Amino acid sequence: QRQLVESGGGLVQAGDSLRLSCTASGHTFSGYAMGWFRQAPGKEREFVAAIKWMFLGTYYADSVKGRFTISRDNGKNTVILQMNSLKPEDTAVYYCAATWVARPITQTGGYDYWGQGTQVTVSS
C-alpha cells in the first residue's frame with residue numbers, strides 16, 4: 001500500500017529555516033512526480049514546489065522562489081523541502097503528494113496520494 005509520511009514541521013521565527021521530509025513507505029517510488037502543497041486556515045490548498053522524479057525538473061510557486069528548494073533522495077524514497085528565510089505568511093499545514101501518472105504537477109488534481117500534513121508556524 002502506497003503511503004506518504006511527512007516530518008519536520010514546527011514553530012520557528014521569521015527568517016529561520018526548516019526542512020520538511022516526505023518518505024514514500026512500503027514501496028520504491030518510481031512514479032512521475034512528488035510535490036508539496038500548503039493550506040492556511042480559511043484558504044484553499046496551494047502549490048508550493050514539485051520535482052519530476054526521472055528528469056529532476058523542479059517547479060516552484062512564485063511566492064517561494066529563491067527561498068525554498070525541493071530535492072530528492074532516491075535511495076531513501078524521500079523528497080525534501082528546504083525552507084529558508086521563512087515568513088509569517090508561510091504558516092500553513094504542508095502536504096506531500098505523489099503521482100505515478102503524468103499530469104499537471106502544480107495542481108492538486110494532478111496527484112493521487114497525499115500525506116497527512118505537517119504544521120509549519122512562523123512567528124513574526
Side-chain angles (χ1 to χ4, degrees):
Q1 184 177 359
R2 294 167 175 168
Q3 286 187 322
L4 303 176
V5 180
E6 301 127 331
S7 62
L11 171 63
V12 297
Q13 293 186 331
D16 285 351
S17 298
L18 272 177
R19 178 183 167 104
L20 304 183
S21 295
C22 173
T23 299
S25 64
H27 61 89
T28 298
F29 185 76
S30 57
Y32 181 67
M34 292 183 75
W36 289 94
F37 289 73
R38 66 187 182 187
Q39 188 166 17
K43 295 187 177 182
E44 293 186 351
R45 193 170 297 188
E46 65 175 7
F47 170 73
V48 175
I51 183 167
K52 290 185 177 179
W53 211 250
M54 292 299 294
F55 303 106
L56 300 180
T58 56
Y59 306 82
Y60 297 94
D62 288 342
S63 59
V64 306
K65 279 181 183 176
R67 300 188 298 122
F68 292 10
T69 302
I70 188 170
S71 60
R72 75 174 201 195
D73 184 333
N74 201 34
K76 295 183 179 180
N77 271 355
T78 297
V79 63
I80 297 164
L81 185 67
Q82 178 66 43
M83 306 186 294
N84 298 329
S85 303
L86 282 161
K87 304 175 181 180
E89 50 263 44
D90 294 319
T91 295
V93 177
Y94 283 70
Y95 296 91
C96 174
T99 177
W100 271 254
V101 179
R103 294 197 190 108
I105 60 174
T106 62
Q107 300 175 19
T108 55
Y111 295 87
D112 301 304
Y113 295 88
W114 293 84
Q116 80 285 356
T118 185
Q119 178 70 46
V120 172
T121 304
V122 185
S123 63
S124 57

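All values below were derived from every heavy atom in this structure, side-chain atoms included, with hydrogens, water molecules and symmetry-related copies excluded. The shown structure was predicted, so the numbers you read here are calculated from the model rather than taken from an experiment.
- A distance of 7.5 Å separates CH2 in W36 from OG1 in T118, rounded to the nearest 0.5 Å.
- Side chain of S124 to backbone of P88: no donor-acceptor contact under 3.5 angstrom is found.
- Rounding to the nearest 0.5 Å places CG of D73 at 12.5 Å from SG of C22.
- V120 and I70 end up in the same hydrophobic cluster when Ile, Leu, Val, Met, Phe, Trp and Tyr side chains are linked at under 4.5 Å.
- A distance-only check finds no donor-acceptor pair linking the side chain of Y111 to the backbone of C96 [under 3.5 Å].
- Separation of atoms OG1 (T69) and OH (Y60) is listed at 4.5 Å; rounding is to 0.5 Å.
- Here K52 contributes atom NZ and T99 contributes atom OG1; the two are 11.0 Å apart, rounded to the nearest 0.5 Å.
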Contacts under 3.5 angstrom, residues 8-20 side chains, donor-acceptor by atom type, not counting sequence neighbours:
residue, atom, partner, partner atom, Å
D16, OD2, Q13, N, 3.1
S17, OG, N84, OD1, 2.9

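- What you find for S85 and R67 is that their closest heavy atoms are O-NH1, 2.9 Å.
- Hydrophobic clustering of Ile, Leu, Val, Met, Phe, Trp and Tyr side chains at less than 4.5 Å, counting indirect connections, unites Y59 with W114.
- Hydrophobic clustering of Ile, Leu, Val, Met, Phe, Trp and Tyr side chains at less than 4.5 Å, counting indirect connections, unites F37 with V93.
- Both V122 and L81 belong to a common hydrophobic cluster when Ile, Leu, Val, Met, Phe, Trp and Tyr are linked at side-chain heavy-atom distances under 4.5 angstrom.
- Looking at every heavy atom in both residues, G109 comes nearest to R103 through O-CD, 4.0 Å.
- Across every non-hydrogen atom of R38 and S63, the tightest pair is NH2-OG, 3.5 Å.
- Annotation for G117 and E6: closest pair N-OE1, 2.5 Å, computed over non-hydrogen atoms.
- In this structure, D62 pairs ionically with K65, as a charged nitrogen and a carboxylate oxygen lie closer than 4.0 Å.
- Counting only N and O atoms by type, the side chains of T121 and T91 include no donor and acceptor under 3.5 Å apart.
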List the steps, then state whether side chain to side chain contact (heavy atoms under 4.5 Å, CB included) holds for V64 with M83. CA-CA 8 Å; V64 306; M83 306 186 294; over 6 Å; no

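- A continuous path of ILVMFWY side-chain contacts below 4.5 Å connects I51 to F68, so both sit in one hydrophobic cluster.
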Apply side chain to side chain contact (heavy atoms under 4.5 Å, CB included) to Y95 and Q39, showing your working. CA-CA 8 Å; Y95 296 91; Q39 188 166 17; 4.2 Å; yes

